[in-house]
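Numbering of residues begins at 1 and proceeds along the displayed sequence. Bear in mind that the values here come from a model prediction, so they are computed numbers and not experimental data.
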Amino acid sequence: MTNLCIKFLKSEKTESGASHGQFSMSALKPGQGVTIGNVLRRVLLSEIKGISITAVRFAGISHEFSTMEGVREDILEILLNLKGVVLKGEISEPQFGRLKIQEPTVITADLIQLPANLEIVNSNHYIATLSTS
């Protein structure tokens, strides 16, 4: 049986207040490095703060596999397009936006109405196309 060895190499703090650490691990069995790397990646990613669209409601639609009359994309494709909308702002609790379209148009992210403390970074991001038929 081999002993896992974790060695601290260096630590530094930047002017912005971020901390950086460097460690070395040795005596790992095949596959353990990938496992430990995935766990570290998940822990670090869970600490990254960000803003995204987390819920969507469509009037008259009961599930994500539906279609809407006059809309080229199905609901699932619209949801995937909404995942690509990049938001920025300072918030501490969930906020609500609104998108109300009643005429044929190409729907992009800039048509979403948001509270004043939120901003859309990629305002020309395509969401869907609404036509007359």
Distance-only criterion, 3.5 Å: show the donor-acceptor pairs between side-chain atoms of residues 117-126 and protein atoms not counting sequence neighbours.
| from | atom 1 | to | atom 2 | distance (Å) |
| --- | --- | --- | --- | --- |
| Asn122 | OD1 | Val86 | N | 2.8 |
| Asn122 | ND2 | Gly84 | O | 2.9 |
| His125 | NE2 | Asn81 | O | 2.7 |
| Tyr126 | OH | Glu73 | OE2 | 2.4 |
| Tyr126 | OH | Thr129 | N | 3.2 |
| Tyr126 | OH | Thr129 | OG1 | 2.6 |

Write down the atom of [X], the atom of [Y], and the distance for their closest heavy-atom approach.
| X | Y | value |
| --- | --- | --- |
| Ile61 | Met68 | CD1-CG, 3.6 Å |
| Leu114 | Gly97 | CD2-CA, 4.0 Å |
| Gln32 | Ala27 | OE1-O, 4.4 Å |

Remaining members of the apolar cluster that contains Leu76, side-chain heavy atoms under 4.5 Å =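 Result for Leu76 is Phe65.
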What's the spacing between [X] [atom1] and [Y] [atom2] if we round to 0.5 Å?
| X | Y | atom1 | atom2 | result |
| --- | --- | --- | --- | --- |
| Leu82 | Leu79 | CG | CG | 6.5 Å |
| Ile53 | Lys83 | CD1 | NZ | 11.5 Å |
| Ile112 | Ile127 | CD1 | CD1 | 4.0 Å |
| Glu90 | Ile51 | CD | CD1 | 7.0 Å |
| Ile6 | Ile36 | CD1 | CD1 | 6.5 Å |
| Ile101 | Leu130 | CD1 | CG | 7.5 Å |

Side chain to side chain contact (heavy atoms under 4.5 Å, CB included) partners for Pro104, two or more places apart =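 Partners of Pro104 under the side chain to side chain contact (heavy atoms under 4.5 Å, CB included) test: Thr132.
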query = For His20 and Gln22, what are the C-alpha separation, side-chain angles and deciding distance, and is it a side-chain contact (heavy atoms from CB on, under 4.5 Å)?
reply = CA-CA 7 Å; His20 299 277; Gln22 190 172 13; over 6 Å; no
request  = Answer yes or no: are there more than 12 heavy-atom neighbours, outside Phe96 itself, under 6.0 Å from its atom CZ?
outcome  =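 Atom CZ in Phe96 is not crowded, with 12 or fewer foreign heavy atoms closer than 6.0 Å.
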inquiry  = Applying a strict under-4.5 Å side-chain criterion to I, L, V, M, F, W and Y, I'd like to know whether Val71 and Phe58 cluster together.
reply    = yes
inquiry  = Please determine whether residues Leu80 and Val85 belong to a single hydrophobic cluster, defined as Ile, Leu, Val, Met, Phe, Trp and Tyr linked transitively by side-chain heavy-atom distances below 4.5 Å.
reply    = no
ask   = Does Leu44 reach the side chain of Glu47, with side-chain heavy atoms less than 4.5 Å apart?
value =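 Not in contact.
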ask   = Is there a side-chain contact between Val34 and Asn38, using heavy atoms and a 4.5 Å cut-off?
value = yes
inquiry  = Is there a side-chain contact (heavy atoms from CB on, under 4.5 Å) between Val56 and Ile78? Walk through the geometry before answering.
reply    = CA-CA 10 Å; Val56 178; Ile78 294 171; over 6 Å; no
